[in-house]
Amino acid sequence: MKGARSIALISLLAQANACIREKNLLERGRTLSRRQAPHAPFPPVLSETESILSNSFDSTSLSEWSHYYTHGLHIAGTNKSQAQWTADRWAENGFTASLAEYIVYLNYPVSNSLTLTYGNGSVFHPKLKEDVLAEDSVTGSPDSAPVFHGYSATGNASAEYVYVGRGQQVDFDRLVALGVPLEGKIALARYGGPFRGLKVKNAQDYGMIGAVIFTDTADDGNVTEANGYAAYPEGPARNPTSAQRGSVQFLSTYPGDPTTPGYPSKEDSPRTDKSPVTPRIPSFPLSWQDAKPLLNALDGHGTNGSEVNRTNWVGALNSTYSTGPAPGAVLSMSNVMRDAITPIWDAIAWINGTNSDETIVIGNHRDAWIVGGAADPNSGSAIMVELSKAFGKLLQTGWKPRRNIVLASWDAEEYGLLGSTEWVEEYIPWLSATTVSYLNIDVGCSGPSPGLSATPELHKVAIETMKKVIWPKNGALNLTMYDVWFEETEGEVGVLGSGSDYTAFLHKGISSLDVGSDQGAGDPIYHYHSNYDTWHWMTTYGDPGFPVHKAVGQYLSLLAYHLADDEVVPFDLPNYTVELKKYFDAVEKTISSTSGSVDLTELTHAIDEFERRAIEIKALEQKALEGEDADLLLVVNHKYRDFQRGFTSQGGFPEREFYQHVAFAPGLDTGYAPVTFPGITEAVEIYKDFDMAQEWVTKTAQGIIRAANIIKP
Ligand SMILES: *[C@@H]1O[C@H](CO)[C@@H](O)[C@H](O)[C@H]1NC(C)=O
Ligand SMILES: *[C@@H]1O[C@H](CO)[C@@H](O)[C@H](O)[C@H]1NC(C)=O
Ligand SMILES: *[C@@H]1O[C@H](CO)[C@@H](O)[C@H](O)[C@H]1NC(C)=O
Ligand SMILES: *[C@@H]1O[C@H](CO)[C@@H](O)[C@H](O)[C@H]1NC(C)=O
Ligand SMILES: *[C@@H]1O[C@H](CO)[C@@H](O)[C@H](O)[C@H]1NC(C)=O
Ligand SMILES: *[C@@H]1O[C@H](CO)[C@@H](O)[C@H](O)[C@H]1NC(C)=O
Ligand SMILES: *[C@@H]1O[C@H](CO)[C@@H](O)[C@H](O)[C@H]1NC(C)=O
Ligand SMILES: *[C@@H]1O[C@H](CO)[C@@H](O)[C@H](O)[C@H]1NC(C)=O
Ligand SMILES: *[C@@H]1O[C@H](CO)[C@@H](O)[C@H](O)[C@H]1NC(C)=O
Ligand SMILES: *[C@@H]1O[C@H](CO)[C@@H](O)[C@H](O)[C@H]1NC(C)=O
Ligand SMILES: [Zn+2]
């Protein structure tokens with residue numbers, strides 16, 4: 001899924017800082033400049049091994065792999081041959097490969113319908129269908145999926161409806177404060193912000209009986225038809241019929257098979273009630289074209305959008321975004337899904353390292369909501385095939401990695417990270433004992449704007465590696481990936497929330513990173529989870545010629561190589577302290593914005609202790625390297641491998657035991673976006689319970705101390 005993270009970011013920027021952002025855009029070619037040391041050589045100087053990896057990447061092969069993945073239905077649990085094909089490509093390149101099968105609960109769409117009946121009795125029928133485009137043959141595939149929500153409930157609902165903005169708890173609280181009736185009504189929600197499943201959960205929790213969620217063109221920044229851009233396929237703007245499929249699992253409670261929390265899904269696994277993490281009320285997505293008449297029917301009823309006065313409430317569809325309900329304007333929805341307990345297939349491949357107790361895992365999901373999936377996730381899948389080829393070239397030279405390298409192609413990520421979560425649940429003893437890092441690539445490319453999130457010990461190596469990759473955009477300017485990334489992010493590596501397959505690793509205390517390249521402001525609109533995420537879109541607008549795929553693949557290979565083969569695992573623990581201090585400042589600010597008080601002394605002491613130990617281990621690393629002391633190197637490497645497990649020693653957060661990393665987690669009411677020091681922050685912001693916050697100061701501090709103790713010589 002993942003794509004939504006960047007889209008949410010774009011819309012946030014487009015809305016909050018439209019002017020600043022647009023200005024950057026207009027001036028992009030001119031303001032982009034080399035950020036590296038002024039005389040850093042160009043092209044970057046690579047070692048012989050790095051050159052072999054980097055030069056192995058070929059746009060023509062990438063395009064071939066992409067073409068394969070994007071011309072066959074591969075919704076979760078439907079395409080075993082694609083899993084086998086992936087394993088076969090990896091095996092051809094020298095990896096040992098096999099399939100891992102899990103038997104999971106999924107549901108598939110059967111039919112849905114929606115009508116709007118106006119007060120005067122006339123009726124509007126939304127299309128609930130994305131147009132078939134002559135230019136893009138895949139959109140007319142007989143296997144084309146309808147617009148639906150994975151894990152949505154089967155059911156009918158017929159009632160007046162209310163516009164609920166982005167559907168966060170604060171939006172609903174505002175509606176309650178305004179006296180808008182919610183009980184027994186249907187929610188009309190806008191995409192963006194929280195994970196879609198949480199919008200449905202909130203609607204359900206406020207007594208609503210159904211939900212429809214639409215894409216608003218406000219999230220497309222300036223690249224809209226209203227601004228004169230032609231829509232796909234003629235131009236880069238959003239096709240007006242495009243709709244965002246996706247899961248409505250309650251992702252922030254737990255990912256994985258909803259019926260087997262905490263253990264792998266096998267044929268004979270006991271299965272629990274899924275209702276704590278899947279909705280009871282029906283839902284499905286709408287295109288903006290289908291949604292506009294629904295919004296307009298509410299115009300003038302209830303409280304208008306500007307009076308509601310909530311961030312991202314008013315969109316760009318020429319409506320007052322009034323709350324409604326409009327007397328007599330009734331939606332009738334029907335949603336029929338078919339339940340299945342069915343196999344899914346992960347492809348897993350590996351090369352044994354010389355150190356059998358150290359492992360790097362690199363993963364990408366393979367399943368898509370539609371036949372295409374050219375960006376999400378198969379840009380990543382194409383890169384993974386090419387990456388195996390690059391490592392195959394090294395193997396041909398007689399090279400053997402120091403650490404085990406595992407490749408994973410996950411199935412059923414889209415429904416709720418099932419393939420990765422079940423696999424982690426099955427192999428956790430071995431993963432916990434040996435894994436040094438998990439590197440994730442989901443949407444490898446939906447545009448030319450590189451993005452990076454990672455646990456803090458990886459920041460330094462992740463940033464330095466970007467300086468080794470030539471970025472295709474503005475080629476004449478001789479820019480590296482680092483230059484372009486810096487321009488967009490001002491040098492901030494993202495914090496991992498959720499929305500892709502690193503989640504299960506991270507919350508078992510495994511160092512994790514997520515990389516890809518997304519649509520930036522002004523770039524062609526990426527039709528996230530729509531039937532238009534196709535080969536044709538990718539080759540016409542997303543990444544014609546595949547140069548961005550190539551650069552991202554080079555990056556991932558170089559990073560994986562260093563993690564797998566450097567004498568010392570390239571972690572920087574002092575940088576973990578830098579980040580912990582940022583999280584501390586943030587939580588202090590959160591608390592001071594309330595009337596309550598929380599004593600943070602224990603947390604301060606824990607961070608100080610971590611800081612001392614981090615400096616110590618850096619010194620120990622130096623000593624081991626200078627003394628060429630193999631035993632000491634082993635000690636340092638194992639401490640690097642293990643220290644992060646300490647952060648997960650406190651048994652998980654309230655109501656969501658799955659999420660265990662005391663430093664960060666997806667927000668309970670955001671799903672994608674991260675919250676730092678979640679135990680404390682959410683006690684204050686969500687539970688409004690200061691005793692609970694105080695308890696979580698202790699637990700957070702204990703987690704940090706535990707990590708510090710693992711580092712201690
Ligand atoms: C699986 O995907 C491949 C390639 O994308 C395609 O050729 C094949 O027809 C698909 N199989 C099924 C059962 O849809
Ligand atoms: C009923 O109201 C809708 C929305 O205002 C309008 O488009 C439609 O023409 C009306 N139908 C009749 C029969 O008046
Ligand atoms: C947005 O796009 C329109 C149409 O191309 C253009 O006229 C306008 O200047 C753009 N606005 C900004 C701020 O770039
Ligand atoms: C919204 O309502 C307020 C208060 O009734 C009014 O002043 C304002 O003009 C309305 N705005 C729109 C766009 O209808
Ligand atoms: C809108 O909300 C902001 C902050 O919540 C507040 O400062 C402002 O006065 C409100 N505006 C209106 C018109 O109510
Ligand atoms: C917006 O809607 C109003 C009211 O329906 C209409 O008069 C106006 O022409 C519309 N504006 C545009 C740009 O479509
Ligand atoms: C649900 O709605 C559909 C479509 O309107 C209809 O065919 C079906 O009979 C309804 N089912 C129930 C149980 O009311
Ligand atoms: C890799 O190592 C495992 C044990 O760590 C062993 O069982 C397996 O046979 C090895 N595979 C290869 C291809 O050497
Ligand atoms: C880009 O690098 C090449 C050498 O690889 C050099 O000849 C050229 O002048 C550089 N261009 C710019 C704009 O710096
Ligand atoms: C690492 O920490 C140093 C200070 O200790 C800081 O200057 C640097 O920016 C940090 N780098 C990263 C990538 O966090
Ligand atoms: Zn994805």
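What you see is a predicted model; the values in this text were computed from it and never measured. All values below were derived from every heavy atom in this structure, side-chain atoms included, with hydrogens, water molecules and symmetry-related copies excluded. As the structure lists them, so they are numbered: ligands from 1, and atoms in each ligand from 1.
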Measure and list all N/O to N/O distances between ligand 7 and the protein that fall under 3.5 angstrom.
{"residue": "ligand 7", "atom": "2 (O)", "partner": "Asn156", "partner atom": "OD1", "Å": "3.3"}
{"residue": "ligand 7", "atom": "2 (O)", "partner": "Asn156", "partner atom": "ND2", "Å": "2.4"}
{"residue": "ligand 7", "atom": "11 (N)", "partner": "Asn156", "partner atom": "ND2", "Å": "2.7"}
{"residue": "ligand 7", "atom": "14 (O)", "partner": "Asn156", "partner atom": "ND2", "Å": "3.1"}

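Residues satisfying the salt bridge (charged side-chain N to carboxylate O under 4.0 Å, His left out) criterion with Lys468, sequence neighbours excluded, are Glu50. Every residue two or more places apart in sequence or in another chain that forms a salt bridge (charged side-chain N to carboxylate O under 4.0 Å, His left out) with Glu426 is listed here: Lys266. When the salt bridge (charged side-chain N to carboxylate O under 4.0 Å, His left out) test is applied to Asp642, no partner is found at least two apart in sequence or on another chain.
Of the listed residues (Thr434, Thr435, Thr359, Thr354), just one forms a side chain to side chain donor-acceptor pair (under 3.5 Å) with Asn404, and that residue is Thr359.
Distances below 4.0 Å separate heavy atoms of Phe42 from the following atoms of ligand 9: 2 (O), 4 (C), 5 (O). Every atom of ligand 9 with a heavy atom of Pro43 under 4.0 Å away is listed here by number and element: 5 (O).
In this structure, Trp369 has its ring center closer than 6.0 angstrom to the ring center of Tyr415. Side-chain rings of Tyr191 and Phe214 stay apart, their centers remaining 6.0 Å or farther from each other.
Under a cutoff of 6.0 Å and an axis angle of 45°, Lys467 and Tyr482 form a cation-pi pair.
The distance criterion of under 3.5 Å between nitrogen or oxygen atoms is not met by Trp350 with respect to ligand 8.
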